[in-house]
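Beneath this line is the structure, given in structure tokens, with notes to follow.
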Protein chains: 2
Amino acid sequence: MIKLLLAEDHHLVRGAFVALLGAEPGIEVVAETGRGDEAVRLAVELRPDVAMLDIDMPGLDGLAAAERIAQEAPGCRVMIVTAHGRPGYLRRAMAAGVRGFVGKDNSAAALAKVIKQVHDGGRYIDPELAADALTMEECPLTPRELDTLRAASGGAPVSRIARELSLSEGTVRNYLSSAVTKLAVENRHAAVRRARDMGWL
Amino acid sequence: MIKLLLAEDHHLVRGAFVALLGAEPGIEVVAETGRGDEAVRLAVELRPDVAMLDIDMPGLDGLAAAERIAQEAPGCRVMIVTAHGRPGYLRRAMAAGVRGFVGKDNSAAALAKVIKQVHDGGRYIDPELAADALTMEECPLTPRELDTLRAASGGAPVSRIARELSLSEGTVRNYLSSAVTKLAVENRHAAVRRARDMGWL
DNA sequence: GCCCCGCCATGACAAATGTCATCCAGGATC
DNA sequence: GATCCTGGATGACATTTGTCATGGCGGGGC
């Protein structure tokens, strides 16, 4: 019997997952939560065989939670289920030692199969998402450029970004400009959008 | 037996819903789809008692689908299930004659109850979302302002927006400026964000 | 009819943004 | 130690923006 920890922020979807996977022979849902930090705590406490995490959750996002679980509950295998096929997410997940990565576009049967595969020490990456990630170049932005993009994401003016990061306005403009060039877009707002779409932000 | 049409774009979530609601006594899922246009077609063809629609779907979004179903399959009662509690969405849904509006944060039991309530001719609005919509002012933007905001949403420069809408650049700047003022934000990009958050865009 | 409002358009000016040449510090290389 | 390179930082300059005052046009409402 595979002991499964389930983390997904929407009650309804989570409840549906529990119903679905609870019916699956060989799988037992031992805990469920809607928060990432909560998921880490439960993984440490209950030591499930597999933790299945959504990405966007309050408290701690699924990728960060995966990293923490890998450190604090090493026996627990982690898989990510997400609606957003951002290529960068897959990269981060791999770096965190995640063993399964599937989109919410898959069938329930496929999901159960992946859970078992992951439990048996295997790996499974959604082929479509994997293709995206492989054909895609590495994030070309430097840490500083990412910082400024992040700070600019709310539409904040350069002056505020500069204050926030304790930089001169000129410097901020430079980083943004260089990000815009690298991403081949027209201005920083488009750059923010693009970086976010890629899962880099 | 309530005949239910289910429309939700993620296979996995949809499958889970089917499993969940199929187990519910008195409810029978007669059709399921991941596309809005498909949902309209199925509603017309199968005449289910209740159609349960997600908002973000390919083909036709849930709100537009709701409008079409109200016209083309009047006997079918429509309810919306969504992850995004944008106040504007609720408004549009009400205008389309939707009889149920719930967030994905609810429990499965609550969902089944709402389905039955809607089927019996009642209405149900998620109290939390309703409160948001009521405390919130109507969208203050003119159609033209919305057009320009929409065109600006990708981070496009004014020149391109002007070409797209066949307006002079000055006019575009005017609309955007007025939108920025009305929404009390710092620039058009923040205005786009805000309008989108409100469900106005 | 008259007035108001939304829509379209100009021009001018101030402020924010994008671009570029340049410089510095530290690590890698030879 | 001299050199090269990269990421980080800066200020000057051109361009793009946001803002404001203004005016014309057409359709509803009174």
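The figures that follow rest on heavy atoms only: side chains count, while hydrogens, waters and symmetry mates do not. So you know, we letter chains A, B, ... as the sequences are listed, proteins then strands, and number each from 1.
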SB check A:Glu45 A:Arg41 (cutoff 4.0 Å): yes
Length of the line joining B:Leu146:CG and C:dG6:C1', which is rounded to integer Å: 13 Å
Atom-to-atom span, CG of A:Leu141 to C1' of D:dG7 - whole angstrom: 13 Å
Sugar-phosphate or base contact per nucleotide [nucleotides 9-25 of chain C; S, B, -; heavy atom under 4.0 Å]: BB------BBBBB----
pair A:Val102-A:Met52: side-chain heavy atoms closer than 4.5 Å: no
C:dC7 OP1/OP2 closer than 4.0 Å to side-chain N/O of B:Tyr175: no
Criterion side chain to side chain contact (heavy atoms under 4.5 Å, CB included) on B:Thr82 and B:Phe101, from CA distance to verdict: CA-CA 8 Å; B:Thr82 181; B:Phe101 195 98; 4.0 Å; yes
Any side-chain heavy-atom pair of B:Ser153 and B:Leu201 under 4.5 Å: yes
Ion pair A:Asp197/A:Arg194, N-O distance below 4.0 Å: no
A:Glu145 CD to D:dA9 C1', straight-line distance once rounded to whole Å: 13 Å
Pair B:Asp54 + B:Lys104: basic N to acidic O under 4.0 Å: yes
Nearest-angstrom distance from the residue atom CG of B:Leu165 to C1' of C:dG6: 16 Å
Protein-nucleotide distance (B:Arg144, atom CZ; D:dG27, atom C1'), rounded to Å: 16 Å
